[in-house]
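Report on the following structure.
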There are 2 protein chains.
Amino acid sequence: MVSQTEENYLKALFHLTNETIGKIDAGTNELAAFLSVKPATVNDMLKKLKEKELVSYEKYGKITLTQQGKAHAVEVIRKHRLWETFLYEKLAFSWDEVHEVAEQLEHIRSKKLVEQLDRFLNFPEVDPHGDPIPNAKGQLKFIQRSTLVQVEEGKTCQLVAIKDSSASFLQYAVQLGIGLSTQIKVLHRFDFDGSIEIEVNNKRSTVSQKFAENVYVK
Amino acid sequence: MVSQTEENYLKALFHLTNETIGKIDAGTNELAAFLSVKPATVNDMLKKLKEKELVSYEKYGKITLTQQGKAHAVEVIRKHRLWETFLYEKLAFSWDEVHEVAEQLEHIRSKKLVEQLDRFLNFPEVDPHGDPIPNAKGQLKFIQRSTLVQVEEGKTCQLVAIKDSSASFLQYAVQLGIGLSTQIKVLHRFDFDGSIEIEVNNKRSTVSQKFAENVYVK
DNA sequence: TAAAATAGTTAGGTTAGTCTAACAAATATT
DNA sequence: AATATTTGTTAGACTAACCTAACTATTTTA
Ligand SMILES: [Mn+2]
Ligand SMILES: [Mn+2]
Ligand SMILES: [Mn+2]
Ligand SMILES: [Mn+2]
C-alpha cells in the first residue's frame, strides 16, 4: 500500500531526476522545497520509502528512485495526464484549471478505471499541456523538444508543450492567444534582455526570455 | 475543511437516519458497526464533528446531523451517484463494480468538476442502482417505492431500485437476469418461508424473501 | 426493583505526516 | 587550512484517525 502522500513524493522525485537532462539524483532540501514541506519531514519519509524499497538512499547521500519506485511514479503520472485530458476534452475545463483537480484524481485506485478512461479518450498520447502520457505498460515516449528561445528570427514554429503549468503562466499564454498547436512566428530577438517579438494569428506581441524558455516548440 | 473520513461519517449518519422511515437519530455503536470502526473511535469523532457544528449530540444522547451536516452529506451523496452513473454509462463498469470506486471519487473537491460531470451525463435523476441523485441545490427527490414482497400474485412489476448494493447481491441479481427496469411477474408466494416464484424474460426462478425485500419495484 | 445486558465514555497507546529547534556533516570560500 | 555556508539529521511535539481495556450510564428483563 502506497499512500497518497507517498505517491506525491515519488512523483516529485521522478520530476526532479530526469536522466535525459543528466540529473540522476536529488537532495533532501531540494525535495522539501519542491513539495513545500520541511527537510525534517522529507527525512522521515525517506526512511519509510527506503523500507518499502521505493527509493534508494543512505544517510547524507543522494536520493534516487528504485525500479519499483519509478514504475509507481510513472503510473501516477499516467493517471494524472489521462485525467487532465478527460477534464479538458470532455468536461470543458480550461488549460489552467485541469492540473489542480488532476492532482487529486491521480490517486484514485482502480485498475479498471484507468484502463477504461484510456479507452474512452481513445488512447491519447499527450495531455493538454503537450506532455506525453505513459502507456499501459508504463512506457513514456520521449519527445524531442526545443524552446522558443532557440528558434531563429523569421522562422515559424508550432507550440507542442509547455514547461511551467502553473495557472499564472497558462493564463498569460491564453491572453496572448497561445495554446497547444498554435503557430508562432519569431520576428525579432532583442539581445539586450533576450525578449522576443512574436506574431500569433496576425497579432504581434513581445514576450520575455523567461516566457520563451517555458514554451516548447517544433 | 471536512476531511474524507469526516465525510464518510456524515454520509453514514445520513443513511442511518431517514426521516421518511421515522428514524430521526442514531447511536454510537450503530454508527461504529456501520463504519466498521470501534465505538471509542466514533466517540472521538463525534466531539470533532460537534465542534464543527456538523452534528448535534450530548454525552449519552442520540446523534443527529445539523442542517449544515445534512447539506454536506447530500453533496457527497450527489457526487457518489453522479460518479456511479459516469462509470456505468461511459466507462462500461458493471452494476456491481461502480460502488467501490465511487466511494473514492465522491471525495474529490472541485465545484466545477461536479457541475460539468452532471452536465456531461445530461443531468441524470437516478444512479445505476435506481437511487435518486440530489440536484445542484441539494434537493433529493423522494421516490415512492414498494418492495417485491408487497406485489400480489399474478401481477407484473418493474424493478426501479435496489436496497442492498453489495457486490454479492448484485451479482446474484445479474445471474437471475434482473437489472434496472426489468419486468418481473410474481407467480406464487410460498407462505412457509416467504419465498417467491417469479418470471423474468420467460424464465422462472424462485427467490428468497430476503432477496425480495431488497428489490424495489413499481 | 434488583440484576443482567447493552450502550456509551474515558484513559492511554499507535501510526502517518507534519512541525521547530538544535545539532552534525559536507562543501565552499577566504 | 580554517572558517563560513549549505545541507542533512535528530529529538521532541502535535494532530488526525484509529485501537484496547477499563469504566459508567442506561435500558431491559426476571
Ligand atoms: Mn498537470
Ligand atoms: Mn497529487
Ligand atoms: Mn453506491
Ligand atoms: Mn467514501
Side-chain angles (χ1 to χ4, degrees), chain A residues 1-13 15-17 23-65 69 72-73 76 103-104 106-109, chain B residues 1-17 22-65 69 72-73 76 103-104 106-109:
Chain A
M1 264 282 69
V2 183
S3 72
Q4 288 207 189
T5 308
E6 287 168 339
E7 286 188 341
N8 285 336
Y9 277 83
L10 296 179
K11 201 160 58 104
L13 276 168
H15 289 310
L16 287 174
T17 62
K23 187 147 188 323
I24 55 158
D25 51 29
T28 305
N29 287 7
E30 194 186 359
L31 233 194
F34 191 89
L35 289 166
S36 308
V37 296
K38 302 293 162 181
T41 306
V42 169
N43 200 267
D44 283 349
M45 181 57 92
L46 287 176
K47 289 172 189 164
K48 257 180 277 174
L49 293 176
K50 190 193 174 177
E51 186 56 39
K52 293 189 178 182
E53 299 184 47
L54 293 167
V55 306
S56 115
Y57 118 106
E58 298 303 328
K59 223 204 237 193
Y60 291 106
K62 286 297 184 177
I63 313 156
T64 52
L65 287 168
H72 199 105
V76 177
E103 205 56 47
Q104 299 176 57
E106 70 189 0
H107 304 291
I108 302 292
R109 275 172 241 277
Chain B
M1 263 280 68
V2 182
S3 73
Q4 289 209 184
T5 309
E6 287 168 340
E7 286 188 340
N8 285 335
Y9 277 81
L10 296 179
K11 201 160 59 104
L13 276 168
F14 187 86
H15 285 126
L16 287 174
T17 63
K23 188 148 187 321
I24 56 159
D25 51 29
T28 306
N29 287 7
E30 193 186 358
L31 233 193
F34 191 88
L35 288 166
S36 307
V37 297
K38 301 294 161 181
T41 306
V42 169
N43 200 267
D44 282 351
M45 181 57 91
L46 286 176
K47 289 172 188 163
K48 255 180 281 173
L49 294 175
K50 190 191 172 179
E51 186 56 40
K52 293 189 178 183
E53 298 184 48
L54 293 166
V55 307
S56 117
Y57 118 105
E58 298 303 328
K59 221 203 235 190
Y60 291 107
K62 288 296 186 177
I63 313 155
T64 52
L65 287 168
H72 199 106
V76 176
E103 205 56 45
Q104 298 176 58
E106 69 190 1
H107 304 289
I108 301 292
R109 275 172 241 276

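Because only heavy atoms are used, hydrogens play no part in the values below, and waters and symmetry mates are left out as well, while side chains stay in. Chain A is the first sequence line, chain B the second, and so forth, proteins listed ahead of strands; every chain is numbered from 1.
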Quiz item: Taking the side chain of Y57(B) as its heavy atoms from C-beta onward, which of dT9(C), dA7(C), dT18(C) lies nearest to it?
Solution: dT9(C)
Quiz item: Counting just side-chain N and O atoms, does K59(B) come under 4.0 Å of either OP1 or OP2 of dT10(C)?
Solution: yes
Quiz prompt | Closest-nucleotide ordering on DNA chain C, the 5'-leading residue of G27(B) and P39(A) | solution = G27(B)
Quiz item: Hey, are K62(B) and E30(B) close enough for a salt bridge, meaning a charged N less than 4.0 Å from a carboxylate O?
Solution: no
Quiz prompt | For atom NZ of K47(B) and atom P of dT9(C), their distance in whole Å | solution = 8 Å
Practice problem: Describe the nucleic acid contact of T28(B) in one word from base, sugar-phosphate, nothing, applying a heavy-atom distance below 4.0 Å. | Solution: sugar-phosphate
Quiz item: Are L31(B) and M45(B) close enough that some pair of their side-chain heavy atoms sits under 4.5 Å apart?
Solution: no
Self-check item: Candidates dC18(D), dC19(C), dG17(C) - which lies nearest the side chain of V37(B)
Solution: dC18(D)
Practice problem: Between dG8(D), dC19(C), dT9(C), spot the one nearest the side chain of A40(A), thanks. | Solution: dC19(C)
Self-check item: Nearest-Å distance for atom pair CD/C1', residues E51(A) and dT15(C)
Solution: 14 Å
Quiz item: Among the nucleotides dA7(C), dC18(D), dG8(D), which one has an atom lying closest to any side-chain atom of Y9(B)?
Solution: dC18(D)
Quiz item: Considering only side-chain heavy atoms of K62(B), which listed nucleotide, dC18(D), dT9(D), dG8(C), is closest?
Solution: dG8(C)
Quiz item: Looking only at side-chain N and O atoms, does Y60(B) come under 4.0 Å of OP1 or OP2 in dT10(C)?
Solution: no
Quiz item: Should H72(B) and V2(B) count as side-chain neighbours, where that means a heavy-atom distance under 4.5 Å?
Solution: yes
Quiz item: Of the candidate nucleotides dT18(C), dA16(C), dT9(D), which contains the atom at the shortest distance from the side chain of T5(A)?
Solution: dT18(C)
Self-check item: Rounded interatomic separation in angstrom, taking CE from M45(A) and P from dA16(C)
Solution: 9 Å
Self-check item: Presence of K38(B) side-chain N/O under 4.0 Å of dA17(D) phosphate oxygens OP1/OP2
Solution: no
Exercise. Compare all side-chain heavy atoms of L65(A) with those of V55(A) and state whether any distance is below 4.5 angstrom.
Key: yes
